[in-house]
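Notes follow once the structure below has been shown.
One-based numbering along the sequence shown.
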Amino acid sequence: MKDFMMLFHSEPNPDFNPTPEQIQAEVKLWQDWMGGIGAQGKLKNPGEALGYDGKTMHADGSVTDGPYAELKEIIGGFVIVTAADTAEAIQLAKGCPALDNGGKVEVRDIMVFEGM
C-alpha cells in the first residue's frame, strides 16, 4: 500500500453566496464521501480545507500576495488516502463533491525517502 494526496481544484466564483442550508448540504456531501473512504480503512487524515489568504515566497526572496494570484483556479483542500496504486486512488476520488461543481481532483503519490 502507498499513500496518495488528493488536491481539490476549483475555479473561484465571487458571485456565489451560499445560504447556510447550501453550506450544510455541501459539508454533508464531503462528510459522506470521505466517510465512505474511511469505512474502507483508506482515509489517512480527515482532510483539510485551505483558506483564501496567503503569501508566496519566491527563490529570489520576494513575497507576493495570495498563493494563487496568477492562477485561474484555486486548491481548496486535500486529503491523504492509502491505496495499492494510482488506479485505486483514482477510484477513491470518484464521487468527490468537487467534481459536482466542475472542479477536479489531482491525485499525487507521496514519495517516501529511506532513513527519514
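Both L43 and V107 belong to a common hydrophobic cluster when Ile, Leu, Val, Met, Phe, Trp and Tyr are linked at side-chain heavy-atom distances under 4.5 angstrom. Cluster annotation: L99 is connected to V81 through the hydrophobic network of ILVMFWY side chains, with a link wherever side-chain heavy atoms come within less than 4.5 Å.
Annotation: M1, atom CE; neighbour count of heavy atoms from other residues, nucleotides and ligands within 6.0 Å is above 12.
Taking CG of L29 as the start and SG of C96 as the end, the distance is 10.0 Å to the nearest 0.5 Å.
Sorted by first then second residue, the ring-ring contact (aromatic ring centres under 6.0 Å, His included) pairs that include residues 87-111, not counting sequence neighbours, number zero. Within the structure, every pair that satisfies the salt bridge (Lys or Arg N to Asp or Glu O under 4.0 Å) test and touches residues 15-38, not counting sequence neighbours, is listed here: K28-D32. Every pair tested for ring-ring contact (aromatic ring centres under 6.0 Å, His included) that includes a residue from residues 75-101 fails, sequence neighbours excluded, so the list is empty. The ring-ring contact (aromatic ring centres under 6.0 Å, His included) contacts involving residues 17-45 comprise F8-W30, F8-W33, W30-W33, where partners must be two or more places apart or lie in separate chains. Residue pairs meeting the salt bridge (Lys or Arg N to Asp or Glu O under 4.0 Å) criterion with at least one member in residues 96-110, sequence neighbours excluded: K2-D109, E73-K104, E106-R108.
Applying the salt bridge (charged side-chain N to carboxylate O under 4.0 Å, His left out) test to D85 and every residue at least two apart in sequence or in another chain returns nothing. Taking P20 as the reference, nothing meets the side-chain contact (heavy atoms from CB on, under 4.5 Å) condition, with sequence neighbours excluded. A search for side chain to side chain donor-acceptor pair (under 3.5 Å) contacts involving D60 returns S62, not counting sequence neighbours.
Grouping Ile, Leu, Val, Met, Phe, Trp and Tyr residues whose side-chain heavy atoms lie under 4.5 Å apart, directly or via other members, places M57 in a hydrophobic cluster with V63.
Taking all atoms of both residues into account, the shortest heavy-atom contact from M5 to L7 is SD-CD2, 3.5 Å. Smallest separation of non-hydrogen atoms from M34 and V79: SD-CG1, 3.4 Å. Of all non-hydrogen atoms in G41 and T82, the two that sit nearest each other are O-CG2, 3.9 Å.
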Should V105 and H9 be marked as a side chain to side chain contact (heavy atoms under 4.5 Å, CB included) after you check the CA-CA gap, both sets of side-chain angles, and the distance that decides it? CA-CA 6 Å; V105 179; H9 297 257; over 6 Å; no
Sequence neighbours excluded and cut-off under 3.5 Å, please list the side-chain donor-acceptor pairs for residues 88-95, or say none.
{"unit_1": "E88", "atom_1": "OE1", "unit_2": "A84", "atom_2": "N", "d": "2.5"}
{"unit_1": "E88", "atom_1": "OE2", "unit_2": "K42", "atom_2": "NZ", "d": "2.8"}

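For N45 (side chain) and I80 (main-chain N/O), a donor-acceptor pair under 3.5 Å exists by modelled atom type.
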